[in-house]
Novice: 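Sharing a structure with you now.
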Amino acid sequence: MTAKEQTIIEIPVTDLLERTRKLHGDGYRLVQIGCTGLAESYEINYSFDKEYRFQNLRITVAPGEEVPSISGIYWGAFVYENEMHDLFGIPVTGMNIDFQGAMIRTGEKHPFSVTRKGEGPCRNA
Amino acid sequence: MGFCTMAKIVIRNLVHGPATRRYPAVPQRACPITRGHVTLDPAQCISCGLCMRRCPAQAIQVDKAEKVWEIDRFRCIACDACVEACPVKCLTMETTYIAPVTEQTVERHAITYVKPEKKKKPETGQAEG
Amino acid sequence: MPERIVVPFGPQHPVLPEPIHLDLVLEDETVVDVVPSIGYIHRGLEKLVTKREYPEFVHVAERICGICSFMHGMAYVQGIEAIMDVEVPDRARYLRTIWAECSRLHSHLLWLGLFADAMGFENLFMRSWQLRESVLDVLEDTTGGRVIQGTCKVGGVRRDIKGEKLSDIQKTLPEFEQQCRDLTDVFLNDESVKYRLGGLGVIGKSEAYDLGAAGPTLRGSGVDWDARCLGYAAYADLDFKPVSHPAGDCYARCAVRLGELFTSIDLINQAVEKMPEGPIDVKVTGAPDGEYFCRVEQPRGEVVHYLKGDGTKHLTRARVRTPTLANIPPLVKMLPGCQLADVPVIVLSIDPCISCTER
Amino acid sequence: MNGILGALLFIILAPFLGGLIAGADRILTARMQGRVGPPLLQPFYDVGKLFEKENVVVTTAQNFYILAYLAFIIVSGALFFAGGDLLLIIFAFTLAHVFLVLGAYAVHSPYSHIGAERELIQIMAYEPMIILSAVGLYLVSGSFYVGDIIASTVPAILYLPGVFLGFLTILTIKLRKSPFDISTSHHAHQEIVKGITTEFSGATLGQVEIAHWYENVFLLGFVYLFFAFNPILGVVAVIVTYVAEIFIDNTTARLRWQAALQSGWGVAAILGLFNLAVVVYIIGGV
């Protein structure tokens with residue numbers, strides 16, 4: 001099945017814009033930007049698709065490290081980037097629509113941040 | 001041209017009468033495998049605790065020592081996982097839903113199963129304190 | 001310049017099925033700006049992956065959404081199966097396809113109802129939901145659950161549909177299809193509906209592609225991209241074509257979903273005909289070690305489940321990108337310039353599912 | 001003497017009749033949608049409950065405006081059933097709605113304000129047609145007085161089919177039914193929640209409901225005028241008209257305010273004026 005083919009390319013943050021621009025030029029569609037926290041850093045996957053070929057660019061950033069916005073290339077990237085900022089506290093620079101932390105309403109700032117102290121009480125447990 | 005294209009459906013509805021069921025006067029629709037709520041047969045339960053471990057909602061608590069099987073109906077998602085996991089088939093998925101309640105309570109069932117022969121009931125006295 | 005007023009729209013609003021908040025800046029009744037915000041119903045389901053063993057997490061995954069529930073479960077188990085290289089029996093793949101298409105039917109009919117309600121057509125709303133009820137009955141008869149099926153598991157499915165029941169389902173399809181045709185006639189040909197939908201919230205083909213739109217929002221702009229073409233479950237063996245419509249407006253998105261009703265009916269029919277005999281599951285041992293992006297076409301569009309395991313019973317990471325999130329940029333592009341009366345119609349046209357989006 | 005009796009009967013009986021009509025409307029609507037629907041007396045239960053509610057008001061002025069709305073609806077209806085001057089009745093009726101709009105403007109809610117703006121547009125939309133209907137009835141019967149129109153034996157409907165159709169169109173606006181339930185509808189499922197009545201609650205909302213019952217009886221009375229030459233035909237026509245309105249309500253989507261304005265003025269210009277021109281210039285009056 002072709003469905004299983006997917007590539008993940010690890011790249012440094014500095015290459016992000018250039019490679020994204022190249023993918024955009026090749027006619028790739030932005031599928032998602034997914035951020036997940038590792039132990040001490042964040043892993044961000046930029047997923048693209050063209051005619052069912054699935055490509056991922058992966059960057060790893062330390063807390064507080066700035067990530068350039070790709071919203072200049074893919075206009076719709078702002079939802080994912082605001083999410084990265086609102087939930088994980090990753091500073092994303094140069095977003096086309098910057099909600100300043102107001103897109104996702106959270107009880108506390110950056111709830112998914114890896115530097116956040118403690119686990120926080122879970123009310124239902 | 002489409003004016004009153006809905007007319008056909010309106011007339012059909014008028015002729016055929018209401019499609020709704022006058023619940024609760026008329027009971028709900030159910031089929032043999034409808035997942036309503038879980039019940040326990042306390043005479044068969046061996047307090048193995050598999051249901052507790054398999055429960056994705058952590059609704060079931062089994063106290064091996066006190067021989068108590070508890071279920072929090074508010075947490076239970078009627079997924080059938082416990083019924084599948086149970087090695088002695090003492091759990092049943094009933095097809096009816098539980099009646100609505102306003103307070104969250106934990107349902108407690110005393111397990112009456114007695115192990116035939118062999119080892120005695122394991123350390124019942126210990127956990128009482 | 002006319003006075004500007006800000007109308008809060010949501011999170012609790014009668015025409016919105018789920019809590020999304022929009023601040024609408026109006027000049028008279030024309031929307032000039034819109035600021036969306038979400039975050040009202042975050043439930044931390046992704047975090048739960050570290051607390052539940054991977055075979056049990058499927059129940060959690062199914063509860064990401066109450067409508068595309070089955071497909072969330074399916075996306076999750078397919079991801080795990082891909083990581084663990086599990087070969088799922090053919091019958092299970094076909095059964096999954098049938099349930100997935102039933103889910104799509106009931107989701108689309110639900111959406112059609114809500115959409116009709118958004119444009120003030122209560123009777124059409126009732127009719128759509130009446131048809132949805134017959135799909136729910138089939139789901140209940142075959143899985144035990146009306147909206148939460150809970151039949152997917154890693155390695156196959158938990159329930160079989162007996163041959164008798166399969167042919168019963170097939171027998172009801174022609175009548176159901178006819179009822180759907182009557183419904184389609186109203187949605188596509190009624191003048192008052194056309195007046196409300198035509199030329200509204202237009203997104204062009206290349207724009208939709210560039211914005212990363214998903215599902216019917218993408219196909220409603222003429223891009224015939226459908227994740228089912230990836231060939232997961234039994235889709236590779238079945239014959240179908242993605243439904244698309246070139247207009248890019250609300251009418252087109254509605255037409256795409258109506259078209260997909262018939263695709264789904266046809267797929268169920270094909271799946272029943274070709275249903276192979278055999279086991280419905282395989283025993284899965286071990287634990288997932290690796291990562292995978294699983295993509296499944298939900299009623300709302302393509303969902304991406306990113307799963308990563310480290311060889312223990314608990315996955316280390318799960319992330320779900322739901323179609324609604326991908327469709328927010330098109331929504332932000334569509335709204336400015338429309339009338340206040342059209343806001344619900346446009347918002348509904350992307351079929352927002354906010355609880356999916358927030359997990 | 002007869003007039004005062006008519007007015008009194010209207011004031012006392014109209015709420016009962018209006019409530020029953022509303023109840024029958026809800027059942028019929030439900031049946032058209034494949035539902036069972038509420039009991040016939042449900043509207044009375046609803047209003048009764050509204051009057052039991054605690055009075056929560058942000059701006060006390062709205063209570064006055066709504067009371068004035070109710071009062072003027074009653075006055076216009078009473079004048080109508082007393083056989084009064086149709087023009088005076090129409091202006092009293094309009095004034096009543098101006099009070100409703102003022103009441104909606106008195107509160108500070110964007111939904112209510114937008115509802116009020118839309119209500120004003122609706123008033124503008126239906127006003128020309130209502131006046132043309134009065135003029136048409138005058139041309140046929142030779143009097144603006146309701147008493148004289150009823151006494152007239154001329155079959156008004158035969159001379160005024162266009163005017164009657166035009167009146168039916170704006171009746172949809174007045175009964176707050178799809179496709180023209182744009183300022184408020186019978187349920188709160190629209191973009192402006194419940195529009196003009198969003199901010200009214202309890203007894204105030206109850207008064208709005210009662211006013212709506214009075215209004216419906218008055219409007220159906222207006223329909224009767226077209227068939228006044230034959231009372232049995234008149235009653236049948238009123239029932240058929242109302243059922244047709246429910247039918248239209250159930251087979252159309254809600255339109256935008258622009259369409260309401262265009263339809264209101266469109267029917268006034270095309271059906272109304274053309275019909276009147278035919279009556280005046282071709283038939284040469286009655």
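Reminder, nothing fancy here: chain letters follow the sequence lines and each chain counts from 1.
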Novice: Of all of C:M126, C:E62, C:R159, C:R146, which one pairs up most often with chain B through heavy atoms under 4.5 Å apart?
Specialist: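 Answer, by heavy-atom pair count under 4.5 Å with chain B: C:R159.
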Novice: Below 30° counts as parallel, above 60° as perpendicular, anything between as tilted: where do the rings of C:H245 and C:Y251 land?
Specialist: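 Ring orientation of C:H245 relative to C:Y251: perpendicular.
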Novice: Return the option, out of C:R63, C:Q130, C:E53, C:Q179, with the maximum number of heavy-atom pairs under 4.5 Å with chain B.
Specialist: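 Winner by heavy-atom pair count: C:R63.
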Novice: If you draw a 6.0 Å radius around NZ in C:K313, do more than 12 non-hydrogen atoms from other residues or ligands fall strictly inside?
Specialist: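 Atom NZ in C:K313 is packed in, count exceeds 12.
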Novice: Please rank C:T142, C:I148, C:D182 by heavy-atom pairs under 4.5 Å with chain B and give me the top one.
Specialist: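 Option with the top pair count is C:D182.
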Novice: Against the six-membered ring of C:W111, is C:R257 placed for a cation-pi contact (under 6.0 Å from the centre, within 45° of the normal)?
Specialist: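 Yes.
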Novice: Any side-chain to backbone donor/acceptor pair from B:T34 onto B:A30? Under 3.5 Å, distance only.
Specialist: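 No, because the side chain of B:T34 does not come within donor-acceptor range (under 3.5 Å) of the backbone of B:A30.
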Novice: Work out which heavy atom in C:P89 is nearest to a heavy atom in C:I280; give both atom names and the distance.
Specialist: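 The pair with the smallest heavy-atom distance is CG-C, 4.0 Å.
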Novice: What part of B:R12 gets within 4.5 angstrom of chain C, counting heavy atoms only: side chain, backbone, both, or neither?
Specialist: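 Looking at B:R12, just its side chain touches chain C.
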Novice: Within residues 86-95 of chain B, which positions have a heavy-atom distance to chain C below 4.5 Å?
Specialist: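 Not one residue of residues 86-95 of chain B has a heavy atom under 4.5 Å from chain C.
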Novice: For B:E70, run the side chain to side chain donor-acceptor pair (under 3.5 Å) check against B:R108, B:H109, B:Q61 and tell me which one passes.
Specialist: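 For B:E70, the side chain to side chain donor-acceptor pair (under 3.5 Å) test succeeds with only one of B:R108, B:H109, B:Q61, which is B:R108.
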Novice: Where the side chain of C:Y76 meets the backbone of C:Y54, is there a donor-acceptor pair that is under 3.5 Å apart?
Specialist: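 Between the backbone of C:Y54 and the side chain of C:Y76 there is a qualifying donor-acceptor contact (under 3.5 Å).
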Novice: Among residues 13-21 of chain B, which residues come closer than 4.5 Å to chain C, judged by heavy atom distances?
Specialist: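 The stretch touches chain C at B:N13, B:A19.
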Novice: Heavy atoms, side chains only, cut-off 4.5 Å: are C:V193 and C:M119 in contact?
Specialist: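 With C-beta onward as the side chain, the pair touches.
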Novice: In terms of the angle between their ring planes, are C:W129 and C:F125 parallel, tilted or perpendicular, with boundaries placed at 30° and 60°?
Specialist: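 The rings of C:W129 and C:F125 sit tilted, inter-plane angle from 30° to 60°.
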Novice: Does B:D80 use its side chain to pair, donor to acceptor, with the backbone of B:V83 at less than 3.5 Å?
Specialist: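 No, because the side chain of B:D80 does not come within donor-acceptor range (under 3.5 Å) of the backbone of B:V83.
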Novice: C:F70 ring centre to C:R96 NZ or CZ under 6.0 Å, with the angle to the axis within 45°?
Specialist: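 No, C:R96 and C:F70 do not form such a contact.
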Novice: Has B:R54 got more than 12 heavy atoms of other residues, nucleotides or ligands less than 6.0 Å from its CZ?
Specialist: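 Open: at most 12 neighbouring heavy atoms sit under 6.0 Å from CZ of B:R54.
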Novice: Would you mind checking which part of C:F57 comes under 4.5 Å of any heavy atom in chain B, side chain (CB onward), backbone (N, CA, C, O), both or neither?
Specialist: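 No part of C:F57 comes within 4.5 Å of chain B.
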Novice: Given the options C:L188, C:L124, C:V60, C:V58, which has more heavy-atom pairs under 4.5 Å with chain B than any of the others?
Specialist: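 Maximum pair count with chain B is reached by C:L124.
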